[in-house]
Amino acid sequence: MPMADKKSESASSDGARPWQSYHTVFTNAKAGMEGVDKEKVQRVVYEMSKGSKYFENEERKEAFIRQKIERMRARSAKLTAGHLSQYQTVADKRILELEATRDLSKVWLHVDMDAFYAAVETLCDSSLKGRPMAVGGMSMISTANYEARRFGVRAAMPGFIARKLCPELIFVPVDFEKYTYYSDLTRKVFQTYDPNFIASSLDEAYLDITEVCKERGVSGGEVAEELRNAVFGETGLTCSAGVAANCLLAKVCSDINKPNGQFVLPNDRLAVMTFISSLPIRKIGGIGKVTERILTDVFGISTCEEMLRKGGYLCSLFSRSTADFFLSVGLGLGETDPPQMRLRKSISNERTFPATDSEALLYQKLELLSSDMQKEGLHGRTLTLKLKTSSFEVRTRALTLQKYISSRDDIYNYASKLLKAELPISLRLIGLRVSQFKDDKMGSPSDPTQKTLLSFMVADASGNFVRGQSSLGSETSNNLFMNDFGDDISVETREMIDSERDDPLNRNDSSDPEQRCTLIEFAGKTEGMHGHINGSIVEKVDALIEKSDPKSSQLKKSNGRESDTSLPHETEISSCLNQKDNNDYLLQGETSSRQEEQILWMNDYECSLCGIELPSSFVEERQEHADFHLAERLQKEESGMDSRTLIARERSPLKQTGSGNKHKKRKSSPSDGHLPIDVFFRKINQKP
DNA sequence: GCGGATCAC
DNA sequence: TATGGTGATCCGC
């Protein structure tokens with residue numbers, strides 16, 4: 001097993017240079033960090049952190065990661081030549097299948113504002129120009145300008161460490177109103193190039209400029225140049241752009257000539273493969289600090305191309321979806337279609353405070369949080385209490401109820417129970433999260449009197465917020481992204497939301513919390529999240545390769561994320577039927593199914609039985625519609641009609657009215673989670 | 001369903 | 001003096 005044995009190297013030098021074993025994210029290559037003395041930064045960070053509770057916790061985490069790596073190395077070493085060759089065959093086949101999904105017909109542009117918060121602050125106060133400056137405070141920095149980055153100062157770094165690195169550093173408090181205002185200006189420009197642009201944060205967006213290029217007969221690079229000029233003209237801010245055939249690559253490209261630059265990757269397979277071949281894996285969205293270490297330390301993978309060369313190992317040691325993602329990365333594949341609209345699945349509030357073990361104080365914090373949660377006006381069944389102890393250990397304690405709760409008192413009472421079980425304890429953070437919203441599970445009849453997530457504003461794929469399904473493409477100024485920090489890390493989220501409510505720019509705002517825009521998240525959707533490779537190894541070496549079902553291993557698209565790229569209709573249903581679809585290649589075909597719902601509102605608005613579109617806010621209409629199908633079915637059953645026939649007929653229109661992407665591959669084999677439809681309905685009927 | 005982890009911004 | 005907040009997802013139980 002080839003491996004980059006960095007461990008012995010660093011272990012031997014630990015004594016002399018202990019800071020080298022303290023892995024922070026602050027020394028990763030980032031725009032503006034060229035020429036930074038990383039060794040010095042590392043040393044300062046280490047010296048400032050050493051001995052703190054935070055540091056000790058980091059060391060504990062580090063020890064776990066080392067263990068993980070050791071376990072994986074051991075498993076990897078245990079693979080026999082036979083197993084490996086089997087898995088190599090699987091990987092090669094998979095690579096071919098993935099390759100077949102390559103789509104070079106689209107031109108995607110990723111725009112990324114340069115040091116956005118810092119740039120806005122400088123725009124508003126020209127005395128900051130040319131001086132090292134950071135937005136944030138002594139405990140946390142949201143972003144730093146390029147002058148500060150030369151000292152190694154960067155986002156997510158504590159301010160007191162930043163000041164040590166750069167004593168001249170100017171600190172400016174965050175001001176989200178300002179950033180939102182300028183973000184809206186940029187979005188107005190984006191909209192002229194792609195009305196359906198995807199805003200992934202205040203300072204980042206994806207634009208499909210395929211049509212613009214075609215209609216005007218210009219290149220992607222020319223569009224990028226023009227757009228960047230327009231953004232500068234509109235705001236006085238610079239941005240960087242990447243142009244490529246898919247979102248994943250475009251994002252990588254926008255980082256290459258940052259700041260105030262752009263990079264075009266031609267829609268050409270050879271160009272993509274060449275580009276990918278030397279690209280460090282850490283540049284890929286979804287591959288973070290831990291995943292990078294595992295891939296390099298266990299498999300010796302440091303560039304994307306090596307993903308392909310080590311395909312056999314990857315397929316044998318990772319879940320199917322994770323391995324698919326890795327292989328896609330190796331091929332330079334990524335999302336080429338706008339992501340499906342997604343509804344928020346949870347809402348949370350958390351707050352850090354001076355550590356205390358005073359129970360009275362802790363309950364007081366909980367009370368405040370409970371009030372905040374009530375203000376969100378959501379109804380959920382699952383309540384999760386998050387705790388961070390004074391030693392930085394994070395715990396979560398969850399409770400799922402029969403009923404939906406939303407009131408301050410309910411939240412507080414249940415949260416108190418969860419907290420009580422942890423006492424005595426010394427905490428520095430308490431958080432609450434509510435999930436399993438009323439309309440989370442499709443098909444459960446809605447109570448029209450209830451506020452639900454879906455009665456809030458929802459967003460279309462452009463990131464523009466719309467009510468229900470109508471008036472797509474509302475004004476960009478109505479955008480609101482709660483977790484919208486870009487390069488910049490918020491420490492003032494609560495304030496941001498509160499101030500946003502009074503923002504004169506948000507003309508649709510209402511004081512009624514029900515009318516408020518609610519975040520629909522897009523962040524990271526195009527890259528997806530493929531961490532969690534820890535402990536995901538299943539003993540599968542004994543599985544038979546014959547079990548691999550060719551149909552089931554068809555891939556839809558892109559980054560290999562089943563749920564992200566699923567087509568509507570059957571695919572959507574199948575992913576509901578079979579949430580646990582993470583077996584490895586050789587174990588496909590053993591997944592179980594479970595589903596009890598009646599009507600599935602696909603994409604949250606489309607009836608699974610007849611395809612009629614009913615926005616989720618049409619609560620009563622939906623109930624009526626469900627009743628209609630029920631009555632219809634009962635009637636036909638009584639008349640002796642075979643349910644299979646019935647269902648087939650009812651479902652058939654779906655296929656025509658489908659996504660219009662019939663050529664796209666999708667999960668299609670029963671082993672992938674499709675219940676025979678009559679079994680499916682039999683199950684439904686068992687449900688009271 | 002729960003809890004720990006990872007990731008993005 | 002001092003290391004964030006929000007949301008998602010995966011994975012093993």
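Not measured: the values here are computed from a predicted model. Order of the sequence lines fixes the chain letters, A, B, ..., with proteins taken first and strands second; residue numbering starts at 1 for each chain. Both backbone and side-chain heavy atoms feed into the values below; hydrogens, waters and symmetry mates do not.
- Taking side-chain N and O atoms only, Thr382(A) has no distance below 4.0 Å to OP1 or OP2 of dG1(B).
- When the side-chain nitrogen and oxygen atoms of Thr291(A) are compared with OP1 and OP2 of dC7(B), one or more of them lie within a distance under 4.0 Å.
- Contact check, Ser346(A) against dT6(C): no side-chain N or O comes under 4.0 Å of OP1 or OP2.
- Lys289(A) comes within 4.0 angstrom of the backbone, heavy atoms only, and of no base.
- Phosphate contact (OP1/OP2 of dC11(C), side-chain N/O of Ser319(A), threshold under 4.0 Å): present.
- Between the CG atom of Leu383(A) and the C1' atom of dG3(B) there is a distance of 15 Å, given to the nearest Å.
- The Thr352(A) side chain lies nearest to dG4(C) when the options are dT3(C), dG4(C), dC2(B).
- An OP1 or OP2 oxygen of dT6(C) is reached within less than 4.0 angstrom by no side-chain nitrogen or oxygen of Lys386(A).
- Side-chain rings of Tyr117(A) and Phe176(A) approach one another, their centers coming within less than 6.0 Å.
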Pair Ile281(A)-Thr296(A), side-chain contact (heavy atoms from CB on, under 4.5 Å): steps then yes or no: CA-CA 9 Å; Ile281(A) 51 175; Thr296(A) 55; 4.3 Å; yes

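- Taking 4.0 angstrom as the limit, Arg428(A) places a side-chain polar atom (N or O) nearer than this to OP1 or OP2 of dG4(C).
- For Thr384(A) and Gly288(A), each mapped to the nucleotide of DNA chain B holding its nearest heavy atom, the one lying further toward the 5' end belongs to Thr384(A).
- Whole-Å rounding puts the Met373(A) CE to dT6(C) P distance at 9 Å.
- For dG7(C), one of the phosphate oxygens OP1 or OP2 lies less than 4.0 angstrom from a side-chain nitrogen or oxygen of Ser348(A).
- Distances shown here put a side-chain N or O of Lys251(A) below 4.0 Å from the OP1 or OP2 atom of dC9(B).
- Contact between the side-chain N/O atoms of Ser139(A) and the OP1/OP2 oxygens of dG4(C) is not found at any separation under 4.0 Å.
- Of the two residues near DNA chain B, Leu401(A) and Arg433(A), the one whose nearest nucleotide lies more 5' is Leu401(A).
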Derivation of the side-chain contact (heavy atoms from CB on, under 4.5 Å) call for Arg66(A) and Ile69(A): CA-CA 5 Å; Arg66(A) 288 217 170 110; Ile69(A) 289 173; 5.7 Å; no

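- In this structure, Arg293(A) does not reach the dC7(B) phosphate: none of its side-chain N or O atoms is under 4.0 Å from OP1 or OP2.
- OP1 or OP2 of dG1(B) sits under 4.0 Å from a side-chain N or O of Arg381(A).
- Residue Leu429(A) is in sugar-phosphate contact alone, with no base atom involved, counting any heavy-atom pair closer than 4.0 Å across all strands shown.
- Between Phe55(A) and Tyr22(A), the gap from one ring centroid to the other is short of 6.0 Å.
- Contact annotation: Lys345(A) side-chain N/O to dT9(C) OP1/OP2 distance is under 4.0 Å.
- Taking atom P in both dT3(C) and dA8(B), the straight-line distance is 24 Å, to the nearest Å.
- One finds no side-chain N or O of Ser52(A) lying less than 4.0 angstrom from the OP1 or OP2 phosphate oxygen of dT1(C).
- Phosphate proximity of dT6(B) to Lys68(A): present, with a side-chain N or O under 4.0 Å from OP1 or OP2.
- The side-chain tip of Lys365(A) points at the ring of Phe353(A) from less than 6.0 angstrom away and within 45° of straight on.
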